[in-house]
Amino acid sequence: MQVFALVDGNSFFASCEKVFRPDLTDRPVIVLSNNDGCVVARSKEAKKLGIKMCQPYFQIEEFCIRENVAVFSSNYELYANLSGRMMSTIASQVDCIDPYSIDECFANMSGYEGLGTDLTQLGFRIKDKVFKDVGIPTCVGIAPTKTLAKYCNHLAKHYGGLKGVCNWLDLTPQRQAKALACEPVSEIWGVGRRYTEHLEKMGIRTALDLARADAEAIRNRFGITLSMTVRELQGTSCIPLELVKPKRQQIMRSRSFSHLVCDKDDLLGAITFHAQECGRTLRREGTVAHTVGIVLNTNPFRLQDVQQQAYPCVGLPYPISDTNTIIHCARRLLNQSYRRDFLYKRTGVYVGEVVPKGAVTKDLFEETETEQQQIICELMDSINTRYGKNTLCFAASKLGKGTWEMSRARLSPGYTTCWKDLPRVGPLLEETVPF
DNA sequence: TCTGGGGTCCTAGGACCC
DNA sequence: TCTGGGGTCCTAGGACCC
């Protein structure tokens with residue numbers, strides 16, 4: 001039988017801050033998001049005070065002073081460092097792990113029972129070792145599916161009697177049902193706010209209701225993802241360990257401003273910074289991107305303002321990782337989407353269709369290379385006639401068999417073997433683009 | 001006054017082809 | 001003159017996660 005463990009750092013960011021500050025051991029600690037906007041982590045003492053996750057800090061600032069809460073701005077480098085140490089410590093105790101987020105990972109526990117290992121004891125060993133070596137307190141959930149392991153981890157966190165480790169296989173079927181019956185369906189991994197609303201309307205209110213639902217009916221109503229959650233609650237493993245992390249497809253860098261911004265140069269400054277960060281990440285990871293986009297948001301909490309949530313994106317003639325191109329594209333997109341009368345709160349840059357450098361891009365075209373060259377030459381001629389020589393066309397490709405559209409053609413001689421469909425991005429440039 | 005910053009996956013429906 | 005239906009690709013939008 002397959003068995004999974006989920007090891008999760010308790011109040012991870014807050015615990016990280018405590019590692020190097022023994023004087024904070026019993027004090028309430030909270031960590032704030034960028035710009036100190038809202039609460040993203042709370043120590044158990046802070047939770048006891050009633051501070052909520054994602055609570056805007058300005059609402060509780062005075063309260064925190066009064067209650068002697070230690071307040072930290074987030075320090076992601078520290079957290080990433082401690083996360084890495086936590087993961088390698090866990091990995092030293094089992095044969096393989098599947099890191100899921102900065103503060104938690106799944107571990108393989110299949111096959112240990114045959115060797116006479118008690119899984120609950122193994123859970124305690126992992127927990128003790130991580131605390132001793134890294135200083136981070138954790139909880140461990142053990143179960144035959146990932147969803148149940150997540151749920152057991154939740155139980156381990158909330159029931160002190162379990163001392164931080166909960167093994168589903170130790171519970172009798174009656175205890176299992178009783179535990180699920182006490183849990184609102186919204187606590188289950190994969191059930192968010194929207195699904196909760198819909199499920200409740202159908203009379204599915206507890207985790208037990210969901211576990212006893214008909215997976216086929218759930219599939220028809222909600223799709224494959226939620227039906228897998230149902231089957232996992234029933235004990236059938238549908239979500240395997242991911243031992244090889246898929247390469248990420250997108251890199252995004254964005255930040256909120258601490259104030260509202262309407263000046264284009266201010267936005268440009270921020271966008272240039274984010275573009276540099278994207279380029280740096282691409283080069284560090286040895287990857288290249290096929291699209292560049294920007295994020296442009298007004299403040300959705302200001303109902304009195306005109307709202308814009310824009311994510312315009314442009315396809316590139318060939319994969320890139322250099323900062324100049326990203327900045328150039330981002331500036332163009334800003335020029336297209338920026339509105340002088342809007343009050344902006346957040347901006348960012350993202351690069352998409354990220355692949356390892358040197359990867360062969362899928363060739364979607366039936367034409368031979370010679371025919372493609374011919375088509376490119378014709379299209380370039382027509383564009384040069386219209387816009388002048390050396391015009392670079394960002395936008396994209398072919399509409400159907402034998403039908404090419406100029407505004408969708410990629411016009412880079414020398415790159416015909418890595419063609420790829422790209423989205424339409426509006427009118428052609430009427431400028432010469434330096435590359 | 002002040003409300004995070006990343007990501008992924010699935011699906012319905014439209015466009016297009018034969 | 002009549003005008004079907006299945007397959008595929010793409011996209012926007014919706015949902016979820018930490």
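Residue numbers start from 1 in every chain, and the chains themselves are labelled A, B, ... in the order their sequence lines are given, proteins ahead of strands.
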Subject >> Nearest listed nucleotide, side chain of Trp189(A), among dT8(B), dG4(B), dC18(C) >> reply: dC18(C)
Original post:
Among side-chain atoms of Glu45(A) and Ser43(A), is any donor-acceptor pair under 3.5 angstrom?
Top reply: yes
**OP:** Find which nucleotide of DNA chain B each of Met252(A) and Tyr76(A) is nearest to by heavy atoms, and output the residue with the more 5' nucleotide.
**Re:** Tyr76(A)
Original post:
With a 4.0 Å cut-off on heavy atoms, is Tyr100(A) in touch with a base, just the backbone sugar-phosphate, or nothing at all?
Top reply: sugar-phosphate
Subject >> Donor-acceptor contact below 3.5 Å, side chain Thr347(A) vs main chain Val295(A) >> reply: yes
Original post:
Any luck finding a side-chain donor-acceptor pair between Tyr100(A) and Glu242(A) under 3.5 Å?
Top reply: no
Original post:
Is a donor on one side and an acceptor on the other found under 3.5 Å between the side chain of Glu232(A) and the backbone of Cys238(A)?
Top reply: yes
Subject >> Side-chain donor/acceptor of Gln93(A) to backbone N/O of Lys127(A), under 3.5 Å >> reply: no
**OP:** Would you indicate what Gln59(A) reaches in the nucleic acid, counting non-hydrogen atoms under 4.0 angstrom: base, sugar-phosphate, or nothing?
**Re:** nothing
**OP:** Quote, to the nearest angstrom, the C1' distance that separates dT3(C) from dC17(B).
**Re:** 16 Å
Original post:
So which nucleotide from dG4(B), dG7(B), dT3(B) ends up closest to the side chain of Ile251(A)?
Top reply: dG7(B)
Original post:
In whole angstroms, how far is the P atom of dC9(B) from the NZ atom of Lys146(A)?
Top reply: 12 Å
Subject >> Interface residues of residues 295-309 of chain A with DNA chain B (non-hydrogen, below 4.0 angstrom) >> reply: Asn299(A), Phe301(A)
Subject >> Residue that, paired with Cys139(A), satisfies side-chain contact (heavy atoms from CB on, under 4.5 Å) out of Val165(A), Asn10(A), Leu155(A) >> reply: Asn10(A)
Subject >> Ser254(A) vs dG6(B): side-chain N/O to OP1/OP2 distance below 4.0 Å >> reply: yes
Subject >> Residues Arg205(A), Asp209(A): salt bridge by 4.0 Å N-O rule >> reply: no
Original post:
Over how many whole Å does the gap from Asp103(A) atom CG to dG5(B) atom C1' extend?
Top reply: 15 Å
Original post:
At under 4.0 Å, does any side-chain N or O of Ser256(A) touch on OP1 or OP2 of dG5(B)?
Top reply: yes
**OP:** Of all the heavy-atom pairs spanning Leu233(A) and Ala207(A), show the shortest one and how long it is.
**Re:** CD1-O, 4.1 Å
**OP:** Can you figure out which of dG4(B), dG7(B), dC18(C) approaches the side chain of Lys150(A) most closely?
**Re:** dC18(C)
Original post:
Once the angle between the rings of Tyr344(A) and Phe342(A) is folded into 0 to 90°, is it parallel (under 30°), tilted (30 to 60°) or perpendicular (over 60°)?
Top reply: tilted
**OP:** Please answer whether the main-chain N or O of Leu334(A) pairs with a side-chain N or O of Ser337(A) as donor and acceptor at a distance below 3.5 Å.
**Re:** no
Subject >> Nearest-Å distance for atom pair CZ/C1', residues Phe106(A) and dC17(C) >> reply: 11 Å
**OP:** State whether the side chain of Ser83(A) and the backbone N or O of Ile102(A) hold a donor-acceptor pair below 3.5 Å, judged by distance alone.
**Re:** yes
**OP:** Determine whether the side chains of Arg283(A) and Thr323(A) contain a donor N or O and an acceptor N or O closer than 3.5 Å.
**Re:** yes
**OP:** State which of dT8(B), dC17(C), dG5(B) makes the closest approach to the side chain of Gln250(A).
**Re:** dT8(B)
**OP:** Please check the phosphate of dG6(B) (OP1 and OP2 only) for any side-chain N or O of Arg253(A) closer than 4.0 Å.
**Re:** yes
**OP:** Please work out which residues in residues 341-352 of chain A have a non-hydrogen atom less than 4.0 Å from an atom of DNA chain B and list them by number.
**Re:** Lys345(A), Arg346(A)
**OP:** With ring-ring contact (aromatic ring centres under 6.0 Å, His included) as the test, would you mind laying out the steps for Trp189(A) and Phe106(A) before giving the verdict?
**Re:** CA-CA 14 Å; Trp189(A) 187 44; Phe106(A) 290 100; 5.7 Å; yes
Original post:
Any idea which of dT3(B), dC10(B), dA15(C) is nearest the Phe58(A) side chain?
Top reply: dT3(B)
Original post:
Just checking Tyr57(A): base, sugar-phosphate only, or nothing, at a heavy-atom cut-off of under 4.0 Å?
Top reply: nothing
**OP:** Whole angstrom is fine here: how far is it from CG in Leu6(A) over to P in dC17(C)?
**Re:** 14 Å
**OP:** Using atom CG of Leu260(A) as one end and atom C1' of dT1(B) as the other, report the distance to the nearest whole Å.
**Re:** 10 Å
**OP:** Could you check how far CZ of Arg194(A) sits from P of dT11(B), rounded to whole Å?
**Re:** 18 Å
Original post:
Of the nucleotides dC18(C), dC16(C), dT8(B), which has the atom closest to the Gln249(A) side chain?
Top reply: dT8(B)
Original post:
Is a side-chain donor-acceptor pair under 3.5 Å present for Ser73(A) with Asp36(A)?
Top reply: yes
Subject >> Toward the 5' end of DNA chain B, by each residue's nearest nucleotide, Gly37(A) or Arg248(A) >> reply: Gly37(A)
Original post:
Among dG6(B), dA15(C), dC18(C), which is the nearest nucleotide to the side chain of Arg255(A)?
Top reply: dG6(B)
Original post:
What integer distance in Å separates His154(A):NE2 from dC18(C):C1'?
Top reply: 16 Å
Subject >> Selected nucleotide, minimal atom distance to Pro56(A) side chain, candidates dT3(B), dG4(B), dC18(C) >> reply: dT3(B)
Subject >> Gap between atoms CG and P, on Asn34(A) and dC2(B) respectively (whole Å) >> reply: 17 Å
Original post:
Angle, rounded to 10°, between the helical axes spanning five pairs at each terminus of the helix from dG5(B)-dC18(C) to dC18(B)-dG5(C)?
Top reply: 10°
